[in-house]
Amino acid sequence: MIDRLEKEVDMLERHLQVLKMVIESEPIGIVKMSNETGYPHHKVRYSLRVLEEENLIEPSSQGAITTERTQEFVDELDDKIDEISASLAEMKISETAEAEN
């Protein structure tokens, strides 16, 4: 159960790392991202595809570039992560059990 969550968090971290590279170095290609991150080309390509499906990046002849939606997403990201962190903190069983004793 938790293993799937950990895998999703790892994948989200990779997607966000790729997005950050596009923001900082656009246009940027798969080979450069793979070399700088150490992720295999196929994983970078998958992250780029996910980011493109979310309209956060788009392809260009020189490499991936940001879209009009990118800044809005970045502006909302920290709040979303804080909300998820708070939800996860509320799920802790050990703290609940200690509070009941």
Side-chain angles (χ1 to χ4, degrees):
M1 186 167 54
I2 296 296
D3 292 345
R4 283 186 295 189
L5 178 60
E6 287 176 324
K7 287 178 183 174
E8 287 293 325
V9 169
D10 288 344
M11 193 174 356
L12 176 62
E13 181 180 17
R14 186 180 76 232
H15 296 338
L16 293 176
Q17 187 175 4
V18 168
L19 178 61
K20 184 177 179 185
M21 290 184 76
V22 174
I23 291 169
E24 293 173 351
S25 304
E26 66 179 314
I28 186 169
I30 292 171
V31 173
K32 184 172 182 179
M33 281 190 259
S34 179
N35 290 341
E36 290 187 18
T37 62
Y39 293 127
H41 291 198
H42 71 278
K43 289 193 175 193
V44 172
R45 190 175 295 110
Y46 178 73
S47 291
L48 289 169
R49 186 172 351 129
V50 169
L51 294 168
E52 186 177 354
E53 288 172 1
E54 293 293 324
N55 294 318
L56 298 174
I57 64 163
E58 58 187 29
S60 76
S61 57
Q62 292 84 29
I65 58 173
T66 58
T67 66
E68 294 177 5
R69 169 128 169 65
T70 307
Q71 190 58 51
E72 176 187 351
F73 174 82
V74 169
D75 292 344
E76 296 172 355
L77 181 62
D78 287 348
D79 289 339
K80 291 282 187 191
I81 290 174
D82 288 344
E83 289 173 20
I84 294 167
S85 295
S87 294
L88 289 171
E90 290 175 12
M91 291 181 200
K92 290 183 178 180
I93 294 175
S94 60
E95 290 181 7
T96 306
E98 289 173 8
E100 292 175 358
N101 291 332

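Heavy-atom basis, side chains included; hydrogens, waters and symmetry copies ignored. Nothing here was measured: the structure is a model prediction, and the numbers come from that model.
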Distance in Å, K80 NZ paired with S85 OG, rounded so as to fall on 0.5 Å steps: 13.0 Å

For the student: nearest non-hydrogen atoms of I65 and P27, plus distance: CG2-CB, 3.7 Å

Shortest non-hydrogen separation from I57 to V22 and the atoms involved: CG2-CG1, 3.9 Å

Approximate separation, where rounding is to 0.5 Å, of E76 CD and Q71 CD: 10.5 Å

Which atom of L16 lies closest to which atom of L77, heavy atoms considered: CD2-CD2, 4.0 Å

Side chains of K20 and V74 in contact at under 4.5 Å (non-hydrogen atoms): no

Test item: T37 side-chain N/O and M33 main-chain N/O as donor-acceptor pair under 3.5 Å: yes

Joint hydrophobic cluster, Y46 plus L51, side-chain heavy atoms closer than 4.5 Å: no

Co-membership, hydrophobic cluster, residues I81 and V9, 4.5 Å side-chain: no

Single-linkage hydrophobic cluster, 4.5 Å side-chain cutoff, V50 and M11 together: yes

Step-by-step side chain to side chain donor-acceptor pair (under 3.5 Å) determination, T66 to E26: CA-CA 7 Å; T66 58; E26 66 179 314; 2.9 Å; yes

Transitive ILVMFWY side-chain link M91 to I84, under 4.5 Å: yes

Crowding at CD, E68 (>12 non-hydrogen neighbours, <6.0 Å): no

Hphob cluster co-occupancy, I30 + I28, side-chain heavy atoms under 4.5 angstrom: yes

Point-to-point distance, once rounded to the nearest 0.5 Å, from CG of D10 to NZ of K43: 9.0 Å

Shortest non-hydrogen contact from E54 toward R69: O-NE, 3.9 Å

Nearest non-hydrogen partners of S60 and G63, listed with the distance: OG-O, 2.5 Å

Contact check, side chains of T70 and L19, non-hydrogen atoms, under 4.5 Å: yes

